[in-house]
Amino acid sequence: MIEDDTLYLTERDRQPFWQKIFHFRSVHNSVVITLPENVIEELVVSSGVSDINISGQKIHSISVKESNADVILSDCEGNDIQIENTNGDVKLQNITADLKAELQNGNFQLLDSSGSSLYTTNQNGNIEASGAEYSGIDAASANGSIDLKRVKTDSISVSNRNGNVSLELDGKQAAFDYDITNSNGKVMIGNDTVGTFHTEFQFSNNAGKQLTADMGNGNLTVTFLETSQE
């Protein structure tokens, strides 16, 4: 249905009653929409059990709300991308936009993407990123690991209740100021072990870049690529 320059697509759930109670990931619904490039300003997608795959779109704003499926975005450019997913993975590649992703049960993966801000939370699942370039990064996980590789940022904040955190940051160790707490686990900054149990580590290089970490049960490992000209 088209109304006021807006296209509405509604899924009608004709699954048997028992399939509504027990969801099997092998059962997939699909709706394929092909659009010319650069024809929409705002895209809002909400789905119950169908995977969402968006590719090659230049959009002002993208908002995706899922329930029990995967969300896959690739080669998309916009000002703001927001994703909420209850049960399913989120996979993003070559995204240029401010990004907010909130997951309940599933893994988050981000590859070769950039923007001003990256905010992601996960209740049960891993958070992975490689080749991310954001002015500010905030990543939090309750139960799962956080693994960020080849990251370029001015400010990064990570928190994890149960799980290890591994950060590979562009720049030198002296380019960051540190504010780290850890309840139970080892804290490694570069080649230095700064704590192993009930750690509170604050150190300023007067560098302007900030690393903040709040750890529960797990190790924090930070390495530096030292490729930036400081």
Side-chain angles (χ1 to χ4, degrees), residues 52-64 70-85 88-103 106-123 125-142 144-160 163-173 175-180 188-190 207-215 218-230:
I52 292 177
N53 193 325
I54 302 172
S55 177
Q57 290 296 321
K58 185 175 182 180
I59 304 173
H60 176 75
S61 176
I62 302 176
S63 177
V64 176
D70 296 338
V71 177
I72 303 171
L73 271 65
S74 61
D75 304 318
C76 289
E77 180 180 348
N79 291 345
D80 178 61
I81 294 178
Q82 300 183 32
I83 298 171
E84 297 178 19
N85 207 4
D89 297 334
V90 174
K91 301 178 181 179
L92 311 175
Q93 184 172 8
N94 194 24
I95 303 298
T96 304
D98 291 348
L99 177 62
K100 181 179 181 180
E102 298 175 298
L103 288 78
N107 297 318
F108 174 82
Q109 184 182 67
L110 177 69
L111 301 175
D112 300 325
S113 298
S114 61
S116 295
S117 64
L118 167 62
Y119 174 85
T120 179
T121 62
N122 201 347
Q123 290 298 311
N126 300 324
I127 294 175
E128 298 180 1
S130 180
E133 184 174 344
Y134 291 85
S135 299
I137 295 176
D138 191 338
S141 177
S145 64
I146 298 177
D147 187 9
L148 309 182
K149 298 179 179 178
R150 297 190 297 110
V151 171
K152 187 173 183 179
T153 186
D154 294 327
S155 175
I156 182 168
S157 176
V158 293
S159 62
N160 205 355
N164 297 324
V165 174
S166 177
L167 307 177
E168 187 181 73
L169 303 180
D170 180 77
K172 298 181 179 181
Q173 183 172 339
F176 288 85
D177 301 329
Y178 304 91
D179 186 356
I180 296 170
M188 289 282 298
I189 305 296
K209 294 185 178 182
Q210 180 70 39
L211 167 58
T212 303
D214 185 1
M215 299 287 296
N219 299 325
L220 171 64
T221 304
V222 184
T223 59
F224 300 90
L225 298 177
E226 301 194 2
T227 58
S228 294
Q229 298 295 323
E230 307 295 345

Chemist: Would you check if I83 and L92 make a side-chain contact, meaning some heavy-atom pair closer than 4.5 Å?
Modeler: yes
Chemist: Rounded to the nearest 0.5 Å, what's the gap from CD1 on I62 to CG on L73? Could you check?
Modeler: 5.5 Å
Chemist: Taking side chain to side chain donor-acceptor pair (under 3.5 Å) as the definition, give me every residue that meets it alongside S145, ordered by chain and number, with sequence neighbours left out.
Modeler: N126
Chemist: For residues C76 and I54, determine if any side-chain heavy atom of one lies less than 4.5 Å from a side-chain heavy atom of the other.
Modeler: yes
Chemist: Which heavy atom in N219 sits nearest to a heavy atom in M215, and how many Å separate them?
Modeler: O-CE, 3.5 Å
Chemist: Would you check if Y178 and Q173 make a side-chain contact, meaning some heavy-atom pair closer than 4.5 Å?
Modeler: yes
Chemist: Could you tell me the separation between the CD1 atom of I95 and the CD atom of E77, rounded to the nearest 0.5 Å?
Modeler: 10.0 Å
Chemist: Mind checking whether L211 and L167 have side chains closer than 4.5 Å, heavy atoms only?
Modeler: yes
Chemist: I need the full list of salt bridge (Lys or Arg N to Asp or Glu O under 4.0 Å) pairs touching residues 111-121, with sequence neighbours left out, sorted by first then second residue.
Modeler: D112-R150
Chemist: Quick one: side-chain hydrogen bond (donor to acceptor under 3.5 Å, both in side chains) pairs with a partner in residues 92-102, sequence neighbours left out?
Modeler: D75-N94
Chemist: Considering residues at least two apart in sequence or located in another chain, which fulfil the side-chain contact (heavy atoms from CB on, under 4.5 Å) criterion with A213?
Modeler: V158, I180, L220
Chemist: If you round to the nearest 0.5 Å, how far is CD1 of I59 from CD1 of I81?
Modeler: 8.0 Å
Chemist: Would you tabulate the side-chain donor-acceptor contacts of residues 131-138 under 3.5 Å, counting partners in other chains and residues two or more places apart, or write 'none'?
Modeler:
none

Chemist: Would you call the rings of F176 and F224 parallel, tilted or perpendicular if under 30° counts as parallel and over 60° as perpendicular?
Modeler: tilted
Chemist: What distance do I156 atom CD1 and D154 atom CG have between them, rounded to the nearest 0.5 Å?
Modeler: 11.0 Å
Chemist: Is the shortest side-chain heavy-atom distance between L110 and L99 below 4.5 Å?
Modeler: yes
Chemist: Of the non-hydrogen atoms in N85 and D70, which two are nearest, and what is the gap between them?
Modeler: ND2-CA, 4.4 Å
Chemist: Could you check if a side-chain atom of T221 sits within less than 4.5 angstrom of a side-chain atom of N164, using non-hydrogen atoms only?
Modeler: no
Chemist: Quick one: which of I146, L103, V165, T120 gives a side chain to side chain contact (heavy atoms under 4.5 Å, CB included) with S141?
Modeler: I146
Chemist: So, Q109 and N107: side-chain donor and acceptor under 3.5 Å apart, yes or no?
Modeler: no
Chemist: With rounding to the nearest 0.5 Å, note down the distance linking NZ in K172 to NZ in K209.
Modeler: 11.5 Å
Chemist: With rounding to the nearest 0.5 Å, note down the distance linking OG1 in T121 to CD1 in I127.
Modeler: 7.0 Å
Chemist: I'd like to check the side-chain contact (heavy atoms from CB on, under 4.5 Å) partners of D177; sequence neighbours left out, ordered by chain and number.
Modeler: S204, N205, A207, Q210
